[in-house]
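Report on the following structure.
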Amino acid sequence: MISKTTIQRINEEARIEDVVGEFVKLKKRGANLLGLCPFHNEKTPSFNVNPARNIYKCFGCGKAGGPIQFLIDYQQLTYPDALRYLAKKINIEVEEEAVSDEAKLKEIEKYNLVESIQIANAAAQKFYTNHMLQNENGRIGLAYFKERGFLNHTIEKFQLGFAPDGFDSFTKHALKEGFQLEVLKKAGLTSSKENSTADFFRNRVMFPIHNMTGKVVGFGGRIMEQGEPKYLNSPETPVFQKGLELYGLFEARQAIRETGYALVTEGYMDVVALAQMGFPQDVATLGTACTPTHVQKLLRQTD
Ligand code: ZN
C-alpha cells in the first residue's frame, strides 16, 4: 500500500499541465492551456487545463479532474499505478506501508487481465533483449541489426531483441518465472494447438510496441531467413489493436512536439533507422492502413 505521505506529496507536486501535456498538445490561452479533448472527438479545442487550480475540464464532454484522474481516465491506469507513474515523473520515492500477507494476496488477485498481460509483455521484451545480447544463439539477431547500421544506443532506445528458434524457449522460461499459461496465451506470446504449446514469435528480430505510457503492448517480429510472413505482429489482445497503435510514437512524442511535425513511415526498420539518422519524430503504422485513430493520435501531438 502506498503511504498517505507519498499520496499527499504527489497531490501537491504533480502538475496538471505537465501530465496532460505529455499526451495532448496544449496551447496557451490566457492563464490557461487549451487543446483538443482526448476523450471525445472534436475539431475545435474545448479541453481546458487550469494550472492554478491544477485541474483539467472539457467544456465539450464534461470530463474533469486532477492529474491522477487524468491518468486513470486516459491511460486506464489503476489508482496505485497512477500514483507510481506520477511519483516517477516528479522524481519522488514511493513509500510503501506494510500490509498483511492476506491483504497482499488480495491485491494480487485483484490484478486484472490487462495488468497481467502487460507484466507478461514486459517480461517477454526483457527475455528477447537479454537473449540477443547475452546468448550465443542470439547473435544472429544482433548481427542482423548491426549489419543495418544500428548502434548500441539505438538498440537500447527501442529495446530491440531476438526471439530464438527454439520451439518454446520463451514459454518455458515464462512458466518457470511463474506466469500462467492462460495469461501468456491471452497476451499473444504463446500459441497452442491441441496439447502442445509453442512460442508465437520464433527466429525473429523483435520490435516491442509501446503505448503512450511506455508499456509494451505488443511486438513486431521480422523473420531471419526466407519465410512468410516476413513481418509478424502480435495478435489482437485486450491491450493491443493494430489499428490503434503507431509504432514509435512513445519514443517520438517529445521530438514531434519540439519540431512541430511527425514523419509517418512504412515500418519498424524505417522508424529506427531514421531516428538514428537524426529524425526522431517518426512513426509507422503496423502493416495496416492509416486509420482515423492514427491521425487523431498524431493530431494530439502536432497540427
Ligand atoms: Zn471532451
Side-chain angles (χ1 to χ4, degrees), residues 7 10-86 88-90 112 114-115 118 209-215 217 236 238-262 264 281 283 285-286 288-303:
I7 298 174
I10 290 169
N11 276 320
E12 281 163 11
E13 293 176 36
R15 302 304 317 155
I16 190 68
E17 62 273 27
D18 295 341
V19 176
V20 173
E22 201 171 323
F23 307 102
V24 181
K25 193 175 153 72
L26 296 169
K27 275 186 185 147
K28 255 197 138 357
R29 177 71 57 88
N32 292 348
L33 298 146
L34 200 63
L36 287 174
C37 178
F39 300 112
H40 83 280
N41 222 327
E42 63 177 7
K43 288 194 180 98
T44 327
S46 50
F47 186 75
N48 219 277
V49 171
N50 182 329
R53 293 179 60 200
N54 212 25
I55 55 160
Y56 63 91
K57 182 171 170 65
C58 174
F59 291 101
C61 67
K63 284 254 185 204
I68 299 170
Q69 193 60 45
F70 181 80
L71 292 168
I72 292 172
D73 284 347
Y74 183 63
Q75 286 297 322
Q76 276 122 41
L77 297 186
T78 60
Y79 181 65
D81 274 352
L83 289 172
R84 287 194 187 95
Y85 178 91
L86 290 171
K88 205 171 156 196
K89 192 172 172 67
I90 59 179
N112 61 28
V114 167
E115 283 165 309
Q118 278 172 343
I209 301 156
H210 298 95
N211 68 10
M212 285 299 274
T213 52
K215 286 199 169 146
V217 291
E236 309 251 312
V239 303
F240 180 64
Q241 284 171 273
K242 268 196 289 188
L244 301 185
E245 301 299 334
L246 282 164
Y247 177 65
L249 187 57
F250 171 69
E251 291 84 353
R253 71 200 192 292
Q254 198 76 23
I256 291 175
R257 266 202 251 127
E258 280 165 16
T259 57
Y261 69 96
V264 182
Q281 64 275 49
V283 299
T285 57
L286 302 166
T288 62
C290 205
T291 66
T293 309
H294 287 145
V295 178
Q296 275 167 16
K297 277 198 163 177
L298 285 173
L299 286 177
R300 272 177 211 138
Q301 309 295 325
T302 177
D303 44 21

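As a basis for the values below, the full set of heavy atoms in this structure was taken, side chains included, without hydrogen atoms, waters or symmetry mates. Counting starts at 1 for both ligands and their atoms, following the listed order.
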Exercise for the section: For T291 and G243, indicate whether the former's side chain and the latter's backbone hold a donor-acceptor pair under 3.5 Å. Expected result: yes

Exercise for the section: Would you please name every residue forming a ring pair (Phe, Tyr, Trp, His ring centres under 6.0 Å) with H210, sequence neighbours left out? Expected result: F250

Handout entry: Residues forming a ring pair (Phe, Tyr, Trp, His ring centres under 6.0 Å) with Y85, sequence neighbours excluded
Key = none

Handout entry: N-O pairing of K242 and E236 below 4.0 Å
Key = no

Handout entry: For the student: nearest non-hydrogen atoms of G35 and V24, plus distance
Key = CA-CG1, 4.5 Å

Would you list the atom pairs, donor with acceptor, under 3.5 Å between side chains in residues 56-71 and any protein atom, with sequence neighbours excluded?
| unit_1 | atom_1 | unit_2 | atom_2 | d |
| --- | --- | --- | --- | --- |
| Y56 | OH | D73 | OD2 | 3.3 |
| Q69 | NE2 | D73 | OD1 | 3.1 |
| Q69 | NE2 | D73 | OD2 | 3.4 |

Exercise for the section: Spell out the protein N/O/S atoms under 2.8 Å from the Zn ion (ligand 1) as residue plus atom name. Expected result: C37 SG, H40 ND1, C58 SG, C61 SG

